[in-house]
Amino acid sequence: MTNWLPDLEQGKGPLYLRLAERIESDIAEGILAPGTKLPPQRNLAFDIGVTIGTVGRAYNLIRERGLVSGEVGRGTYVTDHKETSLVPPQNTEPFGGTRGPVAVPGKIRMDSTAAIEVGQADAMERLLAQITKQYPSEISSYSRTLPASWQEAGSKWLSAAGWVPEPASIVPTLGAHSAILAVIAAITVPGDRIAFEDLTYCSAARSVNLMGRRSIIMQTQNGSLTPDDFERHCAQQHPKLVFLMPSLHNPTATTMPEEDRHAIVEIARRYNVWIIEDEIYGSLTRHDHVKIADLAPERTFHIGGLSKSVAAGVRGGWVACPPHLAARVLTAHKMVSGGMPFLMAELGAQIVNCGEADAIRAKVQTEVTAREAIARSAFAGMDFISQPLSPFLWMKLPDPWLSGTFKNAALNEGVLIDDEDEFKPGRTEKVFHRVRLGLTVPRTREELQQGFTILRRLMETDNASYDSYS
């Protein structure tokens, strides 16, 4: 359509947002009917006096909203959204990955890395009784305050390797995932690019896409981002933010070398890129590697929580923010999560401040170390990556097994595991032929060993019997 010219005089905000809103409004009013071809980006930019980049961002945004479709060289067309808006998508993978929304009952679960059950309920019972007695009015109302004790707990829990964040920089959150979303909402806008490694915590990447941001994929070597590839993406694609897991990377069980941390910080400064440093496993491994937040406090959001080392059900998390950004992240967290429930925030703070979290973590570390040793024995002679305090293995599959095929074969034999696609933030031609095996959810070491026995037997079996699962 060549004679459609949007009026951008009305409205507020950046020009690309005004253009996207005008397109959406004209589609809703029928001015742009289904099947209509939008003007080429270059032509429209010339006609309305804006840059091609502005039009490109607007077109990308309305494409992410499902209002248009198109391909390079073919054009951008208005979709027939009225007929499809009430039809649920048939492929839910972009939302939930390769895991089902509910775990299959009666299976040995190796598809999670939540903290091992080591008697946390006793401490929770005591602390919850104490909190409900001390704060009856706060529990029965909305939480609109930020007690200093919540921030002090976050500072204490996140401190490591000589780095101690200022309590004033701490925002309590409903777990690490909620912290990630709050940071993204606070410092990016729809259409911004966010960089992820080619294997990563993909719930973050999927959430980014759901929020209208665009994820870009960086290549890794030996399980870790290389400074050269990071700089290449910064120069070519200009990400606003990079998401990293430098200490015990999920799922590769590797740790980023200190020299690479220094290099990545320098590159981020040169290209003005924000950094999320997800240290959810760092609290379990207690690595002494320098923290990226210590190297670049002006641009790093350091995130941690209790889920892997104390108790996932508490939903305790914190983010240490760059100076002057804590209030913004606090507001964003309220917007994306609905607000921090007093009971959970107070429980997380008290369990840290009274020392109970450290005691539970020590027990969890002891059990993880024992289970990792069992895994090393069970899979002796096989190719996998792990660490003594890693709650998972990154297992290489013998030929001719494929990751997805093996996952389905394991399910058929009663074991839940994660295939490599669960950790890919987008489409990529890179194949690893690996699966992640979690060690912490089976209730006993005997159940864990039973699962290992099943998986080893499968790996040593020709996969021809499982062709139907490919």
Side-chain angles (χ1 to χ4, degrees), residues 1-28 31-32 36-79 81 94 183-196 204-219 228-243 264 267-276 299 328 332 425-428:
M1 182 177 187
T2 57
N3 60 349
W4 174 76
L5 287 178
D7 178 10
L8 301 185
E9 294 297 324
Q10 304 298 321
K12 299 180 180 180
L15 284 173
Y16 82 93
L17 280 179
R18 280 190 260 169
L19 176 56
E21 289 167 1
R22 171 52 56 192
I23 295 172
E24 182 171 0
S25 175
D26 285 356
I27 290 174
I31 297 172
L32 294 173
T36 299
K37 182 180 181 181
L38 295 185
Q41 295 182 24
R42 184 179 299 276
N43 294 3
L44 183 59
F46 178 82
D47 290 340
I48 63 178
V50 300
T51 66
I52 297 176
T54 296
V55 177
R57 292 185 77 180
Y59 277 27
N60 283 330
L61 184 55
I62 59 172
R63 184 179 295 108
E64 287 160 358
R65 294 175 180 175
L67 301 175
V68 298
S69 63
E71 301 174 359
V72 176
R74 177 175 170 267
T76 302
Y77 294 83
V78 177
T79 59
H81 58 284
V183 170
I184 291 169
I187 65 169
T188 68
V189 297
D192 279 345
R193 291 179 171 91
I194 300 177
F196 293 90
R206 297 180 191 112
S207 297
V208 160
N209 297 330
L210 192 62
M211 294 167 69
R213 281 68 169 171
R214 290 179 287 173
S215 58
I216 61 176
I217 303 175
M218 304 177 295
Q219 298 301 309
D228 287 346
D229 199 64
F230 179 48
E231 182 159 23
R232 180 174 65 83
H233 278 84
C234 287
Q236 295 178 356
Q237 301 200 49
H238 312 293
K240 185 73 172 289
L241 170 73
V242 61
F243 176 85
I264 285 171
I267 295 166
R269 285 193 173 120
R270 196 179 315 136
Y271 290 94
N272 197 26
V273 178
W274 297 101
I275 302 170
I276 288 180
R299 67 184 58 253
R328 186 178 181 88
R427 293 180 63 177
T428 174

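Remember, it's a predicted structure, so these values are computed and weren't measured experimentally.
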- Message: Show, in sequence, the C-alpha distance, side-chain angles and deciding distance for L19 and L8, and conclude whether the side-chain contact (heavy atoms from CB on, under 4.5 Å) test is met.
- Response: CA-CA 6 Å; L19 176 56; L8 301 185; 4.1 Å; yes

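- Between the side chain of R214 and the main chain of G191, a donor-acceptor pair closer than 3.5 Å is present.
- Listed here is the closest heavy atom pair of H233 and I217: NE2-O, 2.9 Å.
- Side-chain contact between T76 and K37 is absent, with no heavy-atom pair separated by less than 4.5 Å.
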- Are V242 and F230 close enough, and set up right, to give a side-chain contact (heavy atoms from CB on, under 4.5 Å), and what steps lead you there? CA-CA 9 Å; V242 61; F230 179 48; 3.9 Å; yes

- Query: How far apart are the C-alpha atoms of I62 and L38, what are their side-chain angles, what is the distance that settles it, and do they pass the side-chain contact (heavy atoms from CB on, under 4.5 Å) test?
  - Reply: CA-CA 12 Å; I62 59 172; L38 295 185; 3.9 Å; yes

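- Applying the salt bridge (charged side-chain N to carboxylate O under 4.0 Å, His left out) criterion to R232, with sequence neighbours excluded, gives D229.
- Each of I48, V55, T54 was checked for a side-chain contact (heavy atoms from CB on, under 4.5 Å) with L15, and the lone residue meeting it is T54.
- Between the NE2 atom in H238 and the CZ atom in R193 there is a gap of 8.0 Å [rounded to 0.5 Å].
- Listed by chain and residue number, nothing satisfies the salt bridge (charged side-chain N to carboxylate O under 4.0 Å, His left out) test with R299 (two or more places apart in sequence, or in another chain).
- I276 places a side-chain heavy atom less than 4.5 Å from the side chain of I184.
- The side-chain contact (heavy atoms from CB on, under 4.5 Å) test applied to A205 returns F196, P425, not counting sequence neighbours.
- With values rounded to the nearest 0.5 angstrom, D192 atom CG is found 9.0 Å from I187 atom CD1.
- Remark: R22 engages D26 in a side chain to side chain donor-acceptor pair (under 3.5 Å) (not counting sequence neighbours).
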- Decide yes or no on side-chain hydrogen bond (donor to acceptor under 3.5 Å, both in side chains) for R57 and N60, but give the supporting numbers first. CA-CA 5 Å; R57 292 185 77 180; N60 283 330; over 6 Å; no

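- Two residues are said to be in side-chain contact when any heavy atoms from C-beta on lie closer than 4.5 Å; L32 and W4 meet this criterion.
- Scanning for side-chain contact (heavy atoms from CB on, under 4.5 Å) contacts around R42 gives I52, with sequence neighbours left out.
- Taken from CE in M218 to SG in C234, the straight-line distance is 8.0 Å, to the nearest 0.5 Å.
- V78 is not listed as a side-chain neighbour of I23, based on a closest heavy-atom distance of 4.5 Å or more.
- Side-chain atoms of I216 and P239, non-hydrogen and from C-beta on, do get closer than 4.5 Å to each other.
- The two residues S215 and V208 have their closest heavy-atom pair at N-CG1, 4.3 Å.
- With sequence neighbours left out, D7 forms a side-chain contact (heavy atoms from CB on, under 4.5 Å) with E9, Q10.
- Y59 contributes atom OH, which lies 6.5 Å from atom CD of Q41 (distance to the nearest 0.5 angstrom).
- Contact annotation: the side chain of L61 approaches that of L17 to within less than 4.5 Å [non-hydrogen atoms, C-beta and beyond].
- By the 4.5 Å heavy-atom criterion applied to side chains, V189 and Y16 are counted as neighbours.
- Going from atom CG of D47 over to atom CG of L5 covers 5.5 Å, rounded to the nearest 0.5 Å.
- Remark: E24 pairs with R65 by the salt bridge (charged side-chain N to carboxylate O under 4.0 Å, His left out) rule, at least two apart or across chains.
- Contacts of T428 classified as side-chain contact (heavy atoms from CB on, under 4.5 Å), with partners at least two apart in sequence or in another chain: K424, K430.
- For the residue pair N209/R206, the side-chain donor-acceptor check at 3.5 Å is not satisfied.
- Under the rule for a side chain to side chain donor-acceptor pair (under 3.5 Å), the partners of E231 that lie at least two apart in sequence or sit in another chain are R270.
- Using a 4.5 Å heavy-atom threshold, the side chains of I275 and L241 count as separate.
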